[in-house]
Amino acid sequence: MERQVRTRFAPSPTGYMHIGNLRTALYEYLIAKSQNGKFILRIEDTDQERYVEGAVDVIYNTLELCGMKHDEGPDIGGPYAPYVQSQRKDTYLPYALELIEKGHAYYCFCSKERLDALRAECEKKNQTFMYDRHCLNLSKEEIEEKLRNKEPYVIRQKMPREGTTTFEDVVYGTITVDNSTLEDQILIKSDGLPTYNFANVIDDHLMNITHVVRGSEYLTSTPKYNLLYEAFGWEIPVYVHLPLIVKPDGSKISKRKGDASFEDLLQMGYLVEAIINYIALLGWSPDTNQEIFTLSELEKVFNIKNISKSPSAFDMDKLRWFNAQYIRAKTPEEFYELALPYLKKSITNKEIDLFKVSRLLHTRTEVLTEIPSKVGFFNELCDYDLNIYVHKKMKTTLENSLNSLKEALPVLEGIQDWNETSIHDSLIALVERLGIKNGQMLWPIRTAITGWEVTPGGAIEIADILGKNETLRRIRIGIERLEKALAATE
RNA sequence: GGCCCCAUGGUCAAGAGGUUAAGACACAGCCCUUUCAAGGCUGCAACGGGGGUUCGAGUCCCCCUGGGGUCACCA
């Protein structure tokens with residue numbers, strides 16, 4: 001009987017949900033859920049200098065929004081609590097001491113200054129710096145004395161000097177490195193807290209994590225972790241290293257360069273489902289050609305086997321397309337809810353029925369934030385260039401536009417029950433009576449009542465939303481302006 | 001620079017020795033049409049290079065090139 005799959009999302013609380021991190025969380029969640037396993041949240045806050053207020057909430061919120069419910073974590077507890085490394089402070093040292101006992105680690109009293117000097121020297125000689133094991137051969141007495149004197153110390157892992165270390169990664173295969181390239185990395189820092197390198201091994205073991213899923217940037221340090229597992233005699237987890245998500249130019253996404261975080265994308269008008277769907281497919285592909293997946297569908301079809309090895313570029317255009325797909329899949333009511341905040345902000349005219357506007361916008365919106373730029377004409381009619389009445393394909397000119405508006409005015413005035421159907425029927429009847437093309441009537445009207453060359457919706461829908469009075473008022477303005485312009489050219 | 005990893009259209013990607021080398025985004029064109037969308041159809045476009053192995057290589061091996069990662073008392 002196989003062990004139950006347990007994966008963990010172990011972010012460092014920096015207050016910034018990197019898109020690559022989010023995808024790691026997603027894959028960890030999916031690996032667990034696709035195999036009826038557990039998804040655990042663990043906070044890796046062993047670097048007290050990087051503490052950011054409220055950062056943990058960003059993590060909770062993100063998981064919550066995305067629907068990735070963790071089975072164990074700081075907020076909900078679990079059989080392996082606590083799930084915050086700073087709260088597990090005291091669990092690591094004994095393990096480090098055990099390693100010293102076994103000869104796999106040692107005390108190091110070297111000062112930061114000494115190390116910096118060493119590093120600088122190496123740099124000057126163009127060599128790769130590696131700790132010189134200065135403290136490896138300290139005698140028992142020397143060590144005890146230094147400890148008694150409360151000299152600050154770290155504990156370092158003692159790497160084998162010869163041979164190679166090999167580990168298996170389920171996506172990258174077998175990876176072997178020369179032990180001589182492995183540095184005696186620090187396990188316990190001088191503040192008593194473990195480094196990530198140590199804490200992740202201890203906690204993953206203690207928490208029974210079966211699949212260690214993380215970005216491929218950890219690939220090169222994995223041999224060191226393996227050596228740790230071996231030193232303790234612990235079972236080595238399944239390693240799942242994920243290819244990086246990069247920018248279109250191939251460079252990596254970074255907070256410092258102002259690259260969009262998950263929160264930023266939401267603010268930019270992207271839907272959670274679209275983001276999740278898109279990043280699920282950045283580095284993994286299903287067995288079919290299906291592209292639209294809900295989280296629960298992913299939970300069923302996700303597999304480690306189809307994770308790719310090469311880095312993938314984050315393509316905003318494709319995300320945008322996914323977003324548009326999700327927007328179109330909403331019901332008119334759902335879309336209205338989503339659009340409302342943007343509509344309220346941009347349409348100040350209280351006469352306007354925002355639901356009707358949202359229906360116009362539904363298939364014309366790819367990202368929520370583009371809504372305001374599309375509806376300004378509902379507020380007021382601005383001055384517009386009369387040349388927009390002239391449209392070759394519509395076969396409209398200034399003259400026939402004026403004529404159409406003049407013909408339309410009394411017809412529209414005569415409509416008692418102002419709605420799309422009545423406007424449509426009256427106008428189409430007029431077109432037939434005049435023997436002109438639809439566009440020759442509807443283009444000038446739309447132009448006159450919006451003043452915009454391009455609008456969501458056509459003359460009829462917009463006239464309906466604007467209301468009878470405002471529509472007539474705008475048409476009269478159009479007539480007046482066209483008459484004036486034509487008179488001037490004669 | 002050392003070490004590790006990666007390499008199919010501009011992008012995401014199928015492909016697990018024999019295919020006309022899928023599909024999607026983007027782009028272009030056409031249809032529909034009262035503008036713009038949406039929708040439908042069509043098109044453009046790829047195995048980085050060189051050696052092997054094999055009857056046969058995008059698929060396996062080697063070299064080169066290119067890209068990325070990593071070399072902290074950060075994670």
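Throughout, a chain's letter reflects where its sequence line sits, starting with A, and its residues are numbered from 1.
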**Message:** Tell me if the side-chain of A/Lys318 makes a donor-acceptor pair with the base of B/rA24, cut-off 3.5 Å, by modelled atom types.
**Reply:** yes
**Message:** Is there, by distance only and without an angle test, a donor paired with an acceptor across the side chain of A/Thr363 and the base of B/rA38 below 3.5 Å?
**Reply:** no
Which one, [options], comes nearest to the side chain of [X]?
X	options	answer
A/Ser12	B/rA75, B/rA13, B/rC5	B/rA75
A/Ile175	B/rA16, B/rC3, B/rC4	B/rC4
A/Ala313	B/rU11, B/rA7, B/rA75	B/rU11
A/Arg156	B/rC5, B/rC73, B/rG69	B/rC73
A/Tyr196	B/rA75, B/rC73, B/rC3	B/rA75
A/Asp315	B/rC4, B/rC73, B/rG10	B/rG10
A/Trp321	B/rC73, B/rA26, B/rA13	B/rA26
A/Asp317	B/rA26, B/rA22, B/rC74	B/rA26

Touch check for [X], heavy atoms < 4.0 angstrom, all strands: base, sugar-phosphate only, or nothing?
X	answer
A/Ala459	base
A/Thr46	sugar-phosphate
A/Arg119	sugar-phosphate
A/Thr14	nothing
A/Thr128	base
A/Gly283	sugar-phosphate
A/Glu461	base
A/Ile460	base
A/Cys110	base
A/Ser285	sugar-phosphate
A/Met130	nothing
A/Asn438	sugar-phosphate
A/Phe322	nothing
A/Thr288	nothing

[X] [atom1] - [N] [atom2] separation (whole Å):
X	N	atom1	atom2	value
A/Asp203	B/rA75	CG	P	12 Å
A/Arg364	B/rG39	CZ	P	12 Å
A/Lys125	B/rC71	NZ	P	22 Å
A/Arg328	B/rA38	CZ	P	6 Å
A/His241	B/rC6	NE2	P	13 Å
A/Leu442	B/rU34	CG	P	7 Å
A/Asp47	B/rC73	CG	C1'	9 Å
A/Glu183	B/rG2	CD	P	18 Å

Side-chain N or O of [X] versus OP1/OP2 of [N]: is the shortest distance under 4.0 Å?
X	N	value
A/Arg50	B/rA75	no
A/Thr220	B/rC5	no
A/Lys112	B/rA72	no
A/Lys393	B/rC32	no
A/Lys189	B/rA75	yes

**Item:** Charged tip of A/Arg119 within 45° of A/Phe129 ring normal and under 6.0 Å
**Value:** yes
Write down the distance separating the [atom1] atoms in [N] and [M], rounded off to the nearest Å.
N	M	atom1	result
B/rU8	B/rG48	C1'	11 Å
B/rA16	B/rA22	C1'	15 Å
B/rU11	B/rU70	P	22 Å
B/rG18	B/rG58	C1'	13 Å
B/rA24	B/rU42	P	10 Å
B/rA37	B/rG51	P	49 Å
B/rG9	B/rA46	C1'	4 Å
B/rC61	B/rC44	C1'	36 Å

Partner of [N] by Watson-Crick or G-U wobble geometry, both contacts under 3.5 Å, or none?
N	result
B/rU70	B/rG2
B/rC41	B/rG29
B/rA7	B/rU65
B/rA46	none

Between [X] and [Y], is any side-chain donor less than 3.5 angstrom from a side-chain acceptor?
X	Y	result
A/Tyr326	A/Tyr270	no
A/Asp191	A/Gln48	yes
A/Asp178	A/Thr164	no
A/Gln85	A/Asp203	yes
A/Arg214	A/His241	yes

**Prompt:** Want to settle it: does A/Ile186 or A/Gly250 sit nearer the 5' end of RNA chain B, counting the closest nucleotide to each?
**Reply:**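 This one resolves to A/Gly250.
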**Asked** For RNA chain B, whose closest nucleotide is more 5', that of A/Ser216 or that of A/Val171?
**Response**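 First, find each residue's nearest nucleotide; the 5'-ward one identifies A/Val171.
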**Asked** If we only count heavy atoms from C-beta on, is the A/Leu193 to A/Ile188 side-chain gap below 4.5 Å?
**Response**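 Side-chain contact under 4.5 Å: no.
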**Asked** At what distance, to the nearest 0.5 angstrom, does CE of A/Met159 lie from CG of A/Leu182?
**Response**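 The CE atom of A/Met159 sits 5.0 Å away from the CG atom of A/Leu182.
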**Asked** Counting only heavy atoms not in A/Lys395, do more than 12 fall under 6.0 Å of its NZ?
**Response**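 No - once you tally the heavy atoms of other residues, nucleotides and ligands closer than 6.0 Å, there are 12 at most.
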**Prompt:** Is the A/Trp284-A/Phe302 ring centre distance short of 6.0 angstrom?
**Reply:** yes
